Amino acid sequence: MNLNNTEICPCCGNEYIKNLPPETYFYDCCEDCSFWLEKLYLPEQYSNKQVIVGGVH
Ligand SMILES: [Zn+2]
């Protein structure tokens, strides 16, 4: 049963409630994934400071 504003995250596959402003969500991913995806898309000069383990920050 779908509740209002319930979305499936295309990134992790989890259901989440889309109750924050649209700009919070990166590519319709859940809040958690969006948080990390934004970091992945940081400018190149920061990329050497990222720590990625198994494709996850
Ligand atoms: Zn997700």
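Quick caveat, the model's predicted, so the values are computed rather than measured. Counting starts at 1 for both ligands and their atoms, following the listed order.
Taken from CD1 in Ile17 to CG in Asn5, the straight-line distance is 7.5 Å, to the nearest 0.5 Å.
The shortest side-chain heavy-atom distance between Pro10 and Cys29 falls under the 4.5 Å cut-off. In this structure, Tyr25 and Leu20 have side chains that are in contact, with non-hydrogen atoms separated by less than 4.5 Å.
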So Phe26 and Phe35, ring-ring contact (aromatic ring centres under 6.0 Å, His included) or not? Walk me through it.
CA-CA 8 Å; Phe26 202 81; Phe35 179 78; over 10 Å; no

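By the side-chain contact (heavy atoms from CB on, under 4.5 Å) test, Pro21 pairs with Glu23, Thr24, sequence neighbours left out. Under the salt bridge (Lys or Arg N to Asp or Glu O under 4.0 Å) criterion, Asp28 pairs with Lys18, sequence neighbours left out.
The Zn ion (ligand 1) has Cys9 SG, Cys12 SG, Cys30 SG, Cys33 SG as protein N, O or S atoms under 2.8 Å away.
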